[in-house]
Engineer: 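Structure below; questions to follow.
Please read these numbers as outputs of a predicted model, since none were measured by experiment.
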Amino acid sequence: MNLKEKVLAELKKKDFPDLKFLFSEEVLEISSELLNELLDKERKDFYNLLKIDNKDLTFESFEDDGNLDYLWSLLNHLENVDSSDKLRKIIEDFRPKLQDFANEVSYSSELFEKYIYVDNNLELDDEQKRIMYLRIKSFKDR
């Protein structure tokens with residue numbers, strides 16, 4: 001297992017992650033590359049979601065593995081408690097890319113239409129209904 005795979009495995013653990021490992025110099029060296037790869041994967045997953053015909057959607061169609069958000073939040077946490085030039089550069093270089101993608105998702109009319117379709121046409125439990133309500137409300141608020 002290479003270092004990137006070890007990092008991803010650590011992020012997927014049910015237990016609290018080994019922060020000593022995730023914040024090691026070795027992992028910080030590959031963090032920019034890993035963040036970009038995770039962003040590319042999320043972008044690809046997003047475009048694939050938009051290609052799904054509405055009648056084939058399920059509530060689970062909208063779920064992602066969250067590795068990008070998780071790693072990003074951990075790196076930002078580290079920056080807040082133990083700042084370094086290397087970490088600051090990683091964050092400053094990656095933040096605009098992440099914000100651009102987040103805006104693309106947040107203002108996607110195609111995604112909004114899929115949320116509306118799922119909300120109106122699928123059998124959802126109470127928790128799923130609440131999640132869809134909040135997603136749709138966020139779009140409308142924007």
Engineer: Working to the nearest 0.5 angstrom, can you tell me the gap between I30 CD1 and N36 CG?
Structural biologist: 12.0 Å

Engineer: Within the side chain of N121, is there an N or O that forms a donor-acceptor pair under 3.5 Å with the backbone of Y117?
Structural biologist: yes

Engineer: Between Y115 and F62 (judged by ring centroids, cut-off 6.0 Å), do the two rings come close enough to count as a pair?
Structural biologist: yes

Engineer: Are L57 and Y133 linked, directly or through intermediate hydrophobic residues, by side-chain heavy-atom contacts shorter than 4.5 Å (ILVMFWY only)?
Structural biologist: no

Engineer: To the closest 0.5 Å, what do you measure between NZ (K86) and CD (E79)?
Structural biologist: 13.5 Å

Engineer: In sequence, state the C-alpha distance, the side-chain angles, and the governing distance for L38 and W72, and then conclude on side chain to side chain contact (heavy atoms under 4.5 Å, CB included).
Structural biologist: CA-CA 10 Å; L38 291 170; W72 179 246; over 6 Å; no

Engineer: Could you pull out the closest heavy-atom pair between L122 and F59, with the gap in Å?
Structural biologist: CD1-N, 4.0 Å

Engineer: If Ile, Leu, Val, Met, Phe, Trp and Tyr residues are connected whenever their side-chain heavy atoms lie under 4.5 Å apart, and connections chain through other members, are Y107 and L39 in the same group?
Structural biologist: no

Engineer: Check step by step if salt bridge (Lys or Arg N to Asp or Glu O under 4.0 Å) holds for R135 and E63.
Structural biologist: CA-CA 12 Å; R135 287 175 176 172; E63 299 305 313; 3.5 Å; yes

Engineer: Inspect the surroundings of CD in E127 and state if more than 12 heavy atoms from other residues, nucleotides or ligands are less than 6.0 Å away.
Structural biologist: no

Engineer: Would a distance-only check, ignoring hydrogens and angles, find a side-chain to backbone donor-acceptor pair under 3.5 Å from E29 to E26?
Structural biologist: no

Engineer: Show your reasoning for whether salt bridge (Lys or Arg N to Asp or Glu O under 4.0 Å) applies to K137 and D141.
Structural biologist: CA-CA 6 Å; K137 182 181 182 316; D141 290 347; 2.8 Å; yes

Engineer: Under 3.5 Å, is there a donor-acceptor pair linking the side chains of E10 and Y70?
Structural biologist: no

Engineer: What's the verdict on side chain to side chain contact (heavy atoms under 4.5 Å, CB included) for I136 and K140, showing C-alpha distance, side-chain angles and the deciding distance?
Structural biologist: CA-CA 6 Å; I136 291 167; K140 289 178 178 178; 3.7 Å; yes

Engineer: Assess R43 against F46: is NZ or CZ under 6.0 Å from the centre of the six-membered ring, and within 45 degrees of the ring's axis?
Structural biologist: no

Engineer: Rounded to the nearest 0.5 Å, how far apart are CD of E110 and CG of L50?
Structural biologist: 5.0 Å

Engineer: Does a side-chain heavy-atom distance below 4.5 Å link L19 with L78?
Structural biologist: no

Engineer: As an exercise, state the distance from CG of D45 to CG of L49, rounded to the nearest 0.5 Å.
Structural biologist: 9.0 Å

Engineer: With a 4.5 Å heavy-atom cut-off, do D18 and F23 have their side chains touching?
Structural biologist: no

Engineer: Is any side-chain heavy atom of H77 less than 4.5 Å from a side-chain heavy atom of V81?
Structural biologist: yes

Engineer: Begin from the C-alpha positions of L124 and V118 and carry the test side chain to side chain contact (heavy atoms under 4.5 Å, CB included) through to its verdict.
Structural biologist: CA-CA 9 Å; L124 303 173; V118 166; 4.3 Å; yes

Engineer: Using a 4.5 Å cut-off on heavy atoms from C-beta on, say whether the side chain of L3 contacts that of F21.
Structural biologist: yes

Engineer: Looking at V7, L8, L34, which hits side-chain contact (heavy atoms from CB on, under 4.5 Å) with N67?
Structural biologist: L8

Engineer: Quick one, K97 with D100, criterion salt bridge (Lys or Arg N to Asp or Glu O under 4.0 Å). Give me CA distance, side-chain angles, the key distance, then yes/no.
Structural biologist: CA-CA 5 Å; K97 296 174 195 175; D100 287 347; over 6 Å; no

Engineer: When rounded to the nearest 0.5 angstrom, what is the spacing between OG in S31 and CG in L87?
Structural biologist: 8.0 Å

Engineer: Roughly how far, to the nearest 0.5 Å, is the CG atom of N103 from the OG atom of S108?
Structural biologist: 12.0 Å

Engineer: Start with the C-alpha distance between L11 and L22, add both sets of side-chain angles, then the distance that settles side chain to side chain contact (heavy atoms under 4.5 Å, CB included), and finish with yes or no.
Structural biologist: CA-CA 9 Å; L11 293 173; L22 290 175; 4.0 Å; yes

Engineer: Look at atom CD of E5 and say whether more than 12 heavy atoms of other residues, nucleotides or ligands are closer to it than 6.0 Å.
Structural biologist: yes

Engineer: Does CZ in R88 sit with more than 12 non-hydrogen atoms of other residues, nucleotides or ligands closer than 6.0 Å?
Structural biologist: yes

